[in-house]
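Worksheet: the structure to be examined is printed underneath.
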Amino acid sequence: MELNHTIVPSKDKVKAAEFFAEIMGLTYEGSVGHFAPVVVNDALTMDFDNADSFQSHHYAFKVSDDEFDGIFERIQAKEIVYGSGPFSTENGEINRRNGGRGFYWRDVDGHLLEVLTRD
């Protein structure tokens, strides 16, 4: 079993999809139907969709060390606030859980994004 896609509620689906794609080093190729999809890999698509109201969600991505480096560089270049844990999202640190690296930040809609290199 694998997760195929998930719908990400946003105030502006295109802006949210573009932000996500840029930070994660992916491509946003435009709307498909009423979604603004970003293909993460062969198995997962993040389908951004407009919503008037929604609660913040948490999306975690296991990435390679090279992907982590690229994402971290883009976060720093855009001066996006980040942190080492889900309750310390603004301390400007990364974590080193299980011998890997990880950090958290908020997207344009307040969703909590996480990247980690080890489970």
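In this structure, the side chains of Ile23 and Ile80 come closer than 4.5 Å at one or more pairs of heavy atoms. With contacts defined as side-chain heavy-atom distances shorter than 4.5 Å, the pair Val40/Met46 qualifies. Side-chain atoms of Thr117 and Glu67, non-hydrogen and from C-beta on, never get closer than 4.5 Å to each other. Side-chain contact between Gln76 and Tyr82: present, with at least one pair of heavy atoms (C-beta onward) separated by less than 4.5 Å.
Ion pair Arg118/Asp65 flagged as a salt bridge, since at least one NZ, NE, NH1 or NH2 atom sits closer than 4.0 Å to an Asp/Glu carboxylate oxygen. Classification of Asp69 and Arg101 as a salt-bridged pair holds, one side-chain N sitting under 4.0 Å from a carboxylate O.
Checked against side-chain contact (heavy atoms from CB on, under 4.5 Å), Asp42 has no partners two or more places apart in sequence or in another chain. Checked against side-chain contact (heavy atoms from CB on, under 4.5 Å), Ile7 has the following partners two or more places apart in sequence or in another chain: Phe35, Asp47, Asp49. Looking at residues two or more places apart in sequence or on another chain, you find a ring-ring contact (aromatic ring centres under 6.0 Å, His included) between Phe48 and Phe20. Not a single side-chain contact (heavy atoms from CB on, under 4.5 Å) links Ala77 to another residue, sequence neighbours left out. Glu18 pairs by the side-chain contact (heavy atoms from CB on, under 4.5 Å) definition with Val14, Tyr28, not counting sequence neighbours.
A distance of 9.5 Å separates CD1 in Ile75 from CD in Glu22, rounded to the nearest 0.5 Å. Interatomic distance, Ile71 CD1 to Asp66 CG, rounded to the nearest 0.5 Å: 11.0 Å. For the atom pair CG of Leu44 and CZ of Phe61, the computed distance is 6.5 Å after rounding to the nearest 0.5 Å. We find the CZ-CZ distance between Phe19 and Arg74 to be 11.0 Å, quoted to the nearest 0.5 Å. Going from atom CH2 of Trp105 over to atom CG of Leu113 covers 5.0 Å, rounded to the nearest 0.5 Å.
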In sequence, state the C-alpha distance, the side-chain angles, and the governing distance for Lys13 and His34, and then conclude on side chain to side chain contact (heavy atoms under 4.5 Å, CB included).
-> CA-CA 9 Å; Lys13 65 185 177 186; His34 66 275; 4.2 Å; yes

Go through Phe103 and Val115 one step at a time and tell me if the side chain to side chain contact (heavy atoms under 4.5 Å, CB included) criterion holds.
-> CA-CA 6 Å; Phe103 70 96; Val115 290; 3.4 Å; yes

What do the steps show when you test Asp119 against Lys62 for side chain to side chain contact (heavy atoms under 4.5 Å, CB included), and what is the final call?
-> CA-CA 8 Å; Asp119 289 338; Lys62 185 175 178 187; 3.3 Å; yes

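Heavy atoms only, all atoms of each residue included: Ala17 and Val38 are closest at O-CG2, 3.6 Å. Shown here for Pro9 and Ala51, the closest heavy-atom pair between the two residues is CB-CB, 3.9 Å. In this structure, Phe72 and Ile94 approach most closely via the heavy-atom pair CE1-CG2, 3.7 Å. Residue Asp109 comes nearest to Ser10 through the heavy atom pair OD2-CB, 2.8 Å, listed as atom of the first residue, atom of the second, then distance. Annotation for Gly85 and Arg97: closest pair CA-NH2, 3.9 Å, computed over non-hydrogen atoms.
In the hydrophobic clustering (ILVMFWY side chains linked at under 4.5 Å, chained through shared members), Tyr104 is joined by Leu112.
Ser84 and Arg96 form no side-chain donor-acceptor contact under 3.5 Å, judged by distance and modelled atom types alone.
Without hydrogens or angle criteria, Ser56 side chain to Gly110 main chain gives a donor-acceptor distance under 3.5 Å. When atom types are taken as modelled, the side chain of Asn41 and the backbone of Ala43 share a donor-acceptor pair closer than 3.5 angstrom.
If you chain together hydrophobic residues whose side chains sit under 4.5 Å apart, Leu26 and Val8 fall into the same group. A chain of hydrophobic side-chain contacts below 4.5 Å, direct or via other Ile, Leu, Val, Met, Phe, Trp or Tyr residues, connects Leu3 to Met24.
Ring geometry, His111 versus His57: the interplanar angle falls from 30° to 60°, so the pair is classed tilted.
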